Amino acid sequence: MTNAKKPVKVKPRKQIFSLVDSIHEAETSFRTSSDVTPKHRFEITLELASFTNEKFELYKDYQFHIHKEIEKKASSFEHFLCDTCLVSTPIPYNGTPPSHLPRYYGTHHQLYRIDGELVAMSVLDILPNCVSGVYFMYASKWEKCQLGKLSVLREAALVREMYATGLKELKWNIGFYIQSCQKMRYKGDYSPSYLLDTESYSWYPLSECTPLLDKYRYACFSNPSHSANEVVLHKFPEKKQKHMNDIKIAQISGAQFVHSPLSKQPTKVWASHKERIVQTVDALGSELSRSVYFRLQAISPTAPTQIIDVRFDADCKIFTCSTPSGFAVYRSNPLTLVSKREVKGGTLSIILPLHSTSLLFLVGGGRSPRYSRNKVIFWDEAQGKEVAELEFSGDVMGLACRRQNLAVALKRRVILFEITNTVKRLQQWETTENSRGLVALATAPGSTLLAFPGRQTGHLQLVYLPPCPAPPTDSTPGSSQAYQSPRLKPVPLRRDPVTHIVAHTSALASISVSPSGRYVATTSETGTLIRIWDTDKGKNSHEFRRGIDQAHIYGVAFRPDEKECCAWSDKGTVHFFSLERLNRTSVLRHVSALFQNNYLSSEWSYAQYRLPTPPAHVAHSLSQTNRLGVANPDAGDEEKWTVGWIEIPPKVTSPNTGRTPLPSNRAAPVSPPKSSRHLPSSPISPQSPPEPQYQLVALTYTGGWYRLSLPQSSEPNERAGTPEPYQGQSRNNQGRTSATITDSSSQRSVDSRTSGAKSRRRNSDAQRADSTTCQVEEFRRFGRWDGWG
């Protein structure tokens with residue numbers, strides 16, 4: 001009988017354990033489409049610390065069931081876990097980090113949700129050298145799941161992921177450790193763990209520290225002989241008002257800083273602040289307390305409105321506003337809140353309305369994105385829910401829409417979709433690196449133009465689509481049109497349309513298309529020139545100069561009738577340019593060809609408006625939130641903002657003459673415009689529809705709503721003839737807050753006149769200066785979650 005050998009079973013090779021992969025395996029946002037659909041949706045999001053009712057309800061439940069305390073005041077929770085002295089500053093990653101990693105240093109809330117319900121929250125301080133765990137709380141009904149251990153592993157994985165991006169100095173601080181506290185001792189179960197010595201400020205392994213902690217109430221790891229069971233605290237003498245004459249109380253009265261001894265303060269001041277003064281003196285000691293100033297009532301200015309994104313619709317009839325608490329839709333003029341919605345679980349970086357319909361296109365972003373950055377969410381505000389979703393291989397950089405079409409700009413592609421009862425992908429085009437998300441569509445009925453960056457730096461690509469359908473009779477929420485908007489004729493499509501324009505030598509900073517698609521405005525990163533391109537001819541029809549110093553031009557907006565445009569930048573100034581007559585120019589313009597100097601031949605804005613510079617303390621506060629750029633000694637630390645043209649109902653027709661009053665006190669020009677010279681001279685018919693008037697609405701990212709009236713001027717001269725520049729005030733008046741017209745007539749040589757004629761001319765110039773000033777017709781606030789404007 002032979003002994004047959006049993007077959008040897010080969011043990012499977014052990015896979016290398018990855019904490020990061022294992023901790024993300026259960027999260028919905030990290031699952032792939034090939035995975036089995038889970039029964040529940042588990043999500044973890046990280047956001048900067050802020051107060052919400054949802055978090056406060058979780059805190060009350062945790063305090064009641066775990067700590068047996070009843071918490072009724074929301075201010076206690078806000079002061080304990082929301083308020084922070086840490087300043088939010090960008091984290092210097094090497095490259096673009098994954099979307100789920102934090103973008104800013106500061107205090108954060110890490111939220112754990114199951115099927116949308118907030119079940120736990122951890123408070124983290126993310127600092128340049130460490131991620132520190134501050135607090136953790138959970139819903140009592142999930143106590144058996146031991147979510148605290150999950151949070152510890154999740155924080156360890158977070159530190160590893162941030163470390164892998166290049167933050168090599170980053171460590172994980174799990175928080176305070178108390179050996180005698182059962183609720184704290186679980187931290188010692190994770191290794192390797194180190195404790196900080198309070199005398200030498202050096203770290204020691206927990207295993208070496210445990211014997212001292214068990215033996216002494218106060219343990220010194222660097223010098224064990226200092227360990228003791230009794231700690232003698234310094235006792236300050238009995239705290240009575242007569243014994244504290246050396247304590248100085250500081251006060252701020254207006255712009256003055258004054259201080260006086262505590263003994264000269266009213267008795268009620270000592271009674272109301274006694275406890276806090278005594279505690280502070282105990283902590284500082286008697287000697288140090290005499291050398292500092294106590295401020296009993298600190299000034300607490302209203303926190304600035306934090307707005308992530310503001311966008312007009314294509315017709316500037318409504319605009320959307322995204323805040324850390326949610327988003328809102330406003331009517332542009334008069335400023336009216338149409339709807340608001342609280343968004344939980346993150347913030348939105350783009351909220352684009354499809355004209356004045358209830359359909360909004362949402363993109364997650366900000367410090368803690370609500371949706372993945374590579375998705376576009378179709379949101380129906382009337383139904384209050386998501387109706388569709390588009391997902392891409394890369395982050396969404398920008399959007400543009402018109403009736404039946406949506407254009408999505410990725411980093412190196414632009415994709416066009418058709419939006420009807422279904423969403424259909426039509427076509428895509430390659431672009432150069434487009435981190436600004438530049439893409440623009442002509443939106444007037446019958447228009448066809450789509451514009452975006454070309455494949456080379458500074459190039460512009462033009463695509464012609466099917467004609468845009470006409471809008472319904474009235475699409476503005478809750479309003480009706482009292483007059484006819486200008487009907488622009490669409491640009492006829494040539495057999496060989498222009499599809500490529502070399503716009504600038506440097507990278508493009510903005511692309512804007514006029515409603516009909518006749519013009520395209522481009523600006524570069526330099527920020528000194530605005531170039532207007534005629535899409536029919538493919539030529540540069542206008543070139544305007546914003547200034548001579550570098551700036552970031554946020555955009556260019558065409559007036560609905562395409563007779564003017566405006567550009568605004570981070571200098572806090574909006575510049576107005578005419579497309580029908582020559583703007584302000586240099587007196588040396590006619591000799592610029594001899595010197596080959598483009599600066600001398602440039603056209604400058606005929607008017608401008610500068611945002612009021614905020615006070616210093618407000619500017620400093622805003623610089624920590626949503627103000628851009630470096631402070632300019634002339635313009636101040638300007639806000640990020642956007643502008644849009646609005647139509648104002650015209651004045652009532654005069655019954656005596658049957659004419660619509662001219663928007664100016666100047667006399668009409670002797671020669672009529674070319675377009676009307678072939679018509680017989682006749683009075684305007686009383687039945688003629690009145691011409692609309694236009695104003696500008698400026699929206700700042702700190703919640704400012706400005707309605708600006710434009711300079712009133714006479715009928716424009718023709719550009720084809722010998723143009724006359726705008727006239728008005730002299731150059732030494734350009735530094736004012738309101739926009740003024742520069743007096744170019746004083747720069748031209750004139751014939752000798754009599755003193756009476758000079759006096760009449762001065763009076764006329766003064767009248768023109770008064771009638772050519774941009775004025776703020778109305779200012780209001782919007783975007784505050786409590787008032788919303």
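Note that the coordinates shown come from a computational prediction; the quantities given were computed from them, not determined experimentally.
The side-chain heavy atoms of Glu564 and Leu710, taken from C-beta on, include a pair separated by under 4.5 Å. Using a 4.5 Å cut-off on side-chain heavy atoms (C-beta onward), Val439 and Asn434 make no contact. A 4.5 Å side-chain heavy-atom check between Arg436 and Glu525 finds at least one atom pair inside the cut-off. Within the 4.5 Å cutoff, the side chain of Leu696 has no heavy atoms near those of the Tyr706 side chain. Taking 4.5 Å as the limit, every side-chain heavy atom of Ser29 sits out of range of all side-chain heavy atoms of His100. No side-chain heavy atom of Tyr554 sits less than 4.5 Å from a side-chain heavy atom of Val574. The closest side-chain heavy-atom distance from Val463 to Thr448 is not below 4.5 Å. For the pair Tyr609/Trp568, no side-chain contact is recorded, criterion being any heavy-atom separation below 4.5 Å from C-beta on.
Checked against side-chain contact (heavy atoms from CB on, under 4.5 Å), Ala440 has the following partners two or more places apart in sequence or in another chain: Ile511, Val513. Under the side-chain contact (heavy atoms from CB on, under 4.5 Å) criterion, Thr523 pairs with Ala509, Ser510, Ile530, Ile553, Val556, not counting sequence neighbours. Contacts of Arg707 classified as side-chain hydrogen bond (donor to acceptor under 3.5 Å, both in side chains), with partners at least two apart in sequence or in another chain: Gln695, Glu778.
Ser709 and Glu777 are linked by a side-chain donor-acceptor pair at a separation below 3.5 angstrom, with hydrogens and angles left out of the test. Looking at His504 and Thr522, their side chains do bring a donor and an acceptor atom within 3.5 Å of each other. Side-chain contact, Thr702 with Thr700: a donor N or O sits under 3.5 Å from an acceptor N or O. Ser393 and Arg413 are linked by a side-chain donor-acceptor pair at a separation below 3.5 angstrom, with hydrogens and angles left out of the test. In summary, the side chains of Tyr371 and Glu391 do not present any donor paired with an acceptor at a separation below 3.5 Å, with no hydrogens or angles considered.
The two residues Leu449 and Gly517 make their nearest non-hydrogen contact at CD2-O, 3.6 Å. Residues Ser435 and Met397 come closest through the heavy atom pair O-SD, 3.8 Å. Listed here is the closest heavy atom pair of Ser506 and Ser524: OG-CB, 3.2 Å. Closest approach of Arg103 to Ser99, counting heavy atoms only: NH2-CA, 3.6 Å. The minimum heavy-atom distance between Ser605 and His575, with the atom names listed, is OG-ND1, 3.1 Å. Closest approach of Leu508 to Ala503, counting heavy atoms only: CD2-CB, 4.2 Å.
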Exercise for the section: Show your reasoning for whether ring-ring contact (aromatic ring centres under 6.0 Å, His included) applies to Trp429 and Phe452. Expected result: CA-CA 9 Å; Trp429 300 268; Phe452 50 85; 5.5 Å; yes

Problem - Worked verdict on Phe361 versus Phe378 for ring-ring contact (aromatic ring centres under 6.0 Å, His included) - result: CA-CA 5 Å; Phe361 302 106; Phe378 291 51; 5.0 Å; yes

Exercise for the section: Evaluate side-chain contact (heavy atoms from CB on, under 4.5 Å) for Val376 paired with Phe392, printing each intermediate quantity in order. Expected result: CA-CA 9 Å; Val376 177; Phe392 304 92; 3.8 Å; yes

Problem - Derivation and outcome, side-chain contact (heavy atoms from CB on, under 4.5 Å), residues Trp533 and Tyr519 - result: CA-CA 5 Å; Trp533 302 90; Tyr519 296 117; over 6 Å; no

Handout entry: Working for side-chain contact (heavy atoms from CB on, under 4.5 Å), residues Asn333 and Ile648
Key = CA-CA 9 Å; Asn333 184 51; Ile648 301 298; 3.5 Å; yes

Handout entry: Verdict with supporting geometry, Trp604 and Asn583, side-chain contact (heavy atoms from CB on, under 4.5 Å)
Key = CA-CA 6 Å; Trp604 299 70; Asn583 296 272; over 6 Å; no

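Under 4.0 Å is where a charged nitrogen must lie from a carboxylate oxygen, and between Lys317 and Asp315 no such pair does. Remark: Arg545 does not engage Glu603 in a salt bridge, criterion side-chain N to carboxylate O under 4.0 Å. Of the charged side-chain nitrogens involved, none lies within less than 4.0 Å of a carboxylate oxygen, so that Arg412 and Glu430 do not count as a salt-bridged pair. Salt bridge present: Glu543 and Arg531 bring a charged side-chain N and a carboxylate O closer than 4.0 Å.
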Give the table of side-chain donor-acceptor pairs shorter than 3.5 Å for residues 344-351, with sequence neighbours excluded, one pair per line with atom names and distance.
residue: Thr347; atom: OG1; partner: Gly365; partner atom: O; Å: 2.5
residue: Thr347; atom: OG1; partner: Ser368; partner atom: O; Å: 3.2
residue: Ser349; atom: OG; partner: Val363; partner atom: O; Å: 3.4
residue: Ser349; atom: OG; partner: Gly364; partner atom: O; Å: 3.3

Side-chain donor-acceptor pairs of residues 414-426 under 3.5 Å, sequence neighbours excluded:
residue: Thr420; atom: OG1; partner: Thr422; partner atom: O; Å: 3.4
residue: Arg425; atom: NH2; partner: Gln428; partner atom: OE1; Å: 2.5

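Between Leu579 atom CG and Arg581 atom CZ the span is 12.0 Å, to the nearest 0.5 Å. Here the CZ-CZ distance, from Arg546 to Phe577, works out to 9.0 Å after rounding to the nearest 0.5 Å. Separation of atoms CG (Leu354) and CG (Leu406) is listed at 8.5 Å; rounding is to 0.5 Å. How far CD1 of Ile318 is from CG of Asp313: 4.5 Å, rounded to the nearest 0.5 Å. Rounding to the nearest 0.5 Å gives a distance of 3.0 Å between OG of Ser516 and CD of Glu562. One finds the CZ atom of Arg370 at 10.0 Å from the NZ atom of Lys375 (value rounded to the nearest 0.5 Å).
Without hydrogens or angle criteria, Asp380 side chain to Lys385 main chain gives no donor-acceptor distance under 3.5 Å. A donor-acceptor pair under 3.5 Å links the side-chain atoms of Thr323 to the main chain of Ser325, judged by distance alone. In this structure, the side chain of Ser332 engages the main chain of Cys316 through a donor-acceptor pair within 3.5 Å. Distance alone, capped at 3.5 Å, places no donor-acceptor pair between the Asp534 side chain and the Gly538 backbone.
Residues in residues 305-324 take part in these ring pair (Phe, Tyr, Trp, His ring centres under 6.0 Å) pairs, two or more places apart or across chains: Phe312-Phe319, Phe319-Tyr330, Phe319-Phe782.
Between His542 and Phe544, the two ring planes are tilted [angle within 30° to 60°]. Ring orientation note: the planes of Phe576 and Trp645 are nearly perpendicular, at an angle over 60° on the 30°/60° scale.
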